[in-house]
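Have a look at the structure below, then the notes.
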Amino acid sequence: MQVSQLIGSWYDSHKRSLPWRENPEPYRIWLSEIILQQTRVNQGMPYYTRFTERFPTLRELADASLDAVLLAWEGLGYYNRAHNLHRAAQTIRDEHQGIFPSDYSSIRALPGIGDYTAAAIASLAFNLPYAAVDGNVYRVLSRILGIPDPVDTSSGKKTFQNAANSLLDRQLPGRHNQAMIELGALVCLPKNPQCSSCPVQHCCWAFKEGITRELPTKNKKSRIRNRYFHYLAIWQDHNLYIKQRNAKDIWPMLYELPLIETPHPAELETLMLSREWQTLFHGTKVTLLNTSRSYLHKLSHQHIHARFYKIKVEPDYTLEEYRAVPADEFNRYAFPKLILSYFNTMKQ
DNA sequence: AAGACGTGGCG
DNA sequence: TCGCCAAGTCT
């Protein structure tokens with residue numbers, strides 16, 4: 001029996017029942033694939049439910065505001081996925097008559113859809129013969145076939161794509177791709193793979209050699225940048241001033257508080273002498289109510305060291321470019337987790 | 001083409 | 001604890 005047949009029939013009897021597998025239609029398959037990019041099933045599940053409830057159809061997603069989409073995405077991270085999801089929905093509405101495109105190159109051309117996601121949608125939704133290669137598949141292929149190439153280089157990626165292409169079950173590409181991924185997610189785990197439950201243990205190179213732990217290989221080690229955020233929680237009566245971030249940098253178009261960033265740690269006294277402080281307050285009377293603890297918010301490539309200063313300003317003052325919002329309306333805006341965790345401590 | 005982009009779970 | 005990583009894409 002072929003490797004792909006063994007994995008395919010293993011999949012038939014071991015696959016999880018997941019909401020997007022219940023009633024497979026292109027919109028829901030696409031939505032699930034975007035949510036699951038770099039995201040665990042357990043983390044993405046509630047977001048999939050939320051999206052299908054708030055935006056039951058592709059049309060409703062396309063017609064929604066970006067703010068509404070970001071609010072539904074709040075807390076899931078990699079927020080450009082939400083931007084691209086929204087843009088792709090509008091592209092399908094405007095250029096594909098609202099019908100999800102059914103050929104690979106049209107799917108691949110949509111924003112937020114790369115090689116993996118295009119192959120996944122093409123095979124799962126339209127049964128087209130494209131091999132989807134994600135992190136799970138890298139693991140499965142590198143171990144079964146003993147491929148030592150690093151998975152985070154362009155040449156390594158080509159090697160794995162070629163291996164996946166030649167292994168693809170062209171009769172049932174959708175099942176094949178899901179089976180490869182499911183095997184990586186349930187059995188061929190990064191640490192402690194469950195080789196005793198593996199349908200292809202007998203023909204696995206890494207198992208035979210006893211080096212499953214060494215595969216797959218990677219080259220890069222990421223460097224961490226430190227950033228120092230000083231958030232000003234400026235209260236005026238019962239309103240807090242908030243502002244939307246710009247589209248570049250982290251948390252694109254999410255909301256936050258007035259921010260002063262410094263390249264190094266800084267005390268409030270220093271901030272009060274800064275140009276940003278002058279721009280915000282230009283000499284108006286401010287009262288410091290309290291200073292939060294220091295927060296360390298770890299992102300994949302940077303550590304955000306944050307502190308929140310609760311400040312009161314007088315009623316006659318207005319902060320241009322910011323929006324004064326009462327606490328019971330915070331949930332109308334999408335905030336990064338860092339801001340949300342500060343809000344949570346305020347409720348006490 | 002190397003680096004940026006979130007968050008949470010795990011050993 | 002803390003580094004690693006989880007169904008990648010974009011620039």
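Residue numbering restarts at 1 for every chain, and letters A, B, ... go by the order of the sequence lines.
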So what does A:V137 touch, heavy atoms closer than 4.0 Å: a base, only the sugar-phosphate, or nothing? nothing

Would a single hydrophobic cluster contain both A:L340 and A:Y295, if residues Ile, Leu, Val, Met, Phe, Trp and Tyr are joined by side-chain heavy-atom contacts under 4.5 Å? yes

Atom pair distance, as rounded to whole Å: NZ in A:K248 and P in B:dC5: 12 Å

Phosphate OP1/OP2 of B:dT7 contacted by A:H297 side-chain N/O (<4.0 Å): yes

Expressed as a whole number of angstroms, how long is the span from A:E33:CD to C:dT9:P? 9 Å

Pick the nucleotide of DNA chain B nearest each of A:S154 and A:N80; which residue has the one closer to the 5' end? A:S154

Give the rounded distance in Å between these two atoms: CD1 of A:I224 and P of B:dA2. 18 Å

Can you tell me how far C1' of B:dG8 sits from CG of A:L36, to the nearest Å? 15 Å

Starting at atom NZ of A:K298, determine the distance to atom P of B:dC5, rounded to an integer number of angstrom. 17 Å

Whole angstrom is fine here: how far is it from CZ in A:R227 over to C1' in B:dG6? 13 Å

Within residues 106-121 of chain A, residues whose heavy atoms come under 4.0 Å of DNA chain B: none

Consider only side-chain N and O atoms of A:D103 and A:S106, and report whether a donor and an acceptor are under 3.5 Å apart. yes

With a 4.0 Å limit, can you tell me whether A:Y79 has a side-chain N or O closer than that to the phosphate oxygens OP1/OP2 of B:dT7? yes

Does one side chain, of A:Y78 or A:Q37, offer a donor that lies under 3.5 Å from an acceptor on the other? no

Between A:R332 and A:D67, does any NZ, NE, NH1 or NH2 come within less than 4.0 Å of an OD or OE carboxylate oxygen? no

For DNA chain B, which residues in residues 4-17 of chain A have a heavy atom at a distance below 4.0 Å? none

Would you please confirm or rule out a distance under 4.0 Å between OP1 or OP2 of B:dC5 and any side-chain N or O of A:Q302? yes

Are a donor atom and an acceptor atom from the side chains of A:T57 and A:E60 found within less than 3.5 Å of each other? yes

For A:D152 and A:W251, find the nucleotide of DNA chain B closest to each by heavy atoms; which residue's nucleotide sits nearer the 5' end? A:D152

Both A:R87 and A:G135 contact DNA chain C. Which one's nearest nucleotide lies toward the 5' end? A:G135

Could you check whether A:G75 gets within reach of a base, just the sugar-phosphate, or nothing at all, counting any heavy atom under 4.0 Å? sugar-phosphate

Taking only side-chain nitrogens and oxygens of A:W73, does any of them come within less than 4.0 Å of OP1 or OP2 of B:dC5? no

When rounded to the nearest Å, what value does the distance between C1' atoms of B:dA1 and C:dA6 take? 23 Å

Any side-chain N or O of A:R139 below 4.0 angstrom from OP1/OP2 of C:dA6? yes

Spacing of A:H303 atom NE2 relative to B:dG6 atom P, expressed in whole Å: 16 Å

Go through the side-chain N and O atoms of A:R81 and A:N84 and say whether any donor and acceptor fall under 3.5 Å apart. no

Using side-chain heavy atoms (C-beta onward) and a distance below 4.5 Å, is A:N80 in contact with A:P252? yes

Parallel, tilted or perpendicular, judged at 30° and 60°: which one describes the rings of A:H303 and A:H305? perpendicular

Sidechain N-carboxylate O distance under 4.0 Å for A:R227, A:D249: yes

Under-4.0 Å side-chain N/O to phosphate OP1/OP2 contact, A:Q38 with C:dG8: yes

Give one of base, sugar-phosphate or nothing for A:L299, where a contact means two heavy atoms less than 4.0 Å apart. base

For C:dC4, does either OP1 or OP2 sit under 4.0 Å from a side-chain N or O belonging to A:K191? no

Base, sugar-phosphate, or nothing for A:L296, non-hydrogen atoms under 4.0 angstrom? nothing

A:R323, A:Q244, A:E74 screened by side chain to side chain donor-acceptor pair (under 3.5 Å) with A:Y333, the one that passes: A:R323

Span that lies between the P atom of C:dC4 and that of B:dG3, in whole angstrom: 16 Å

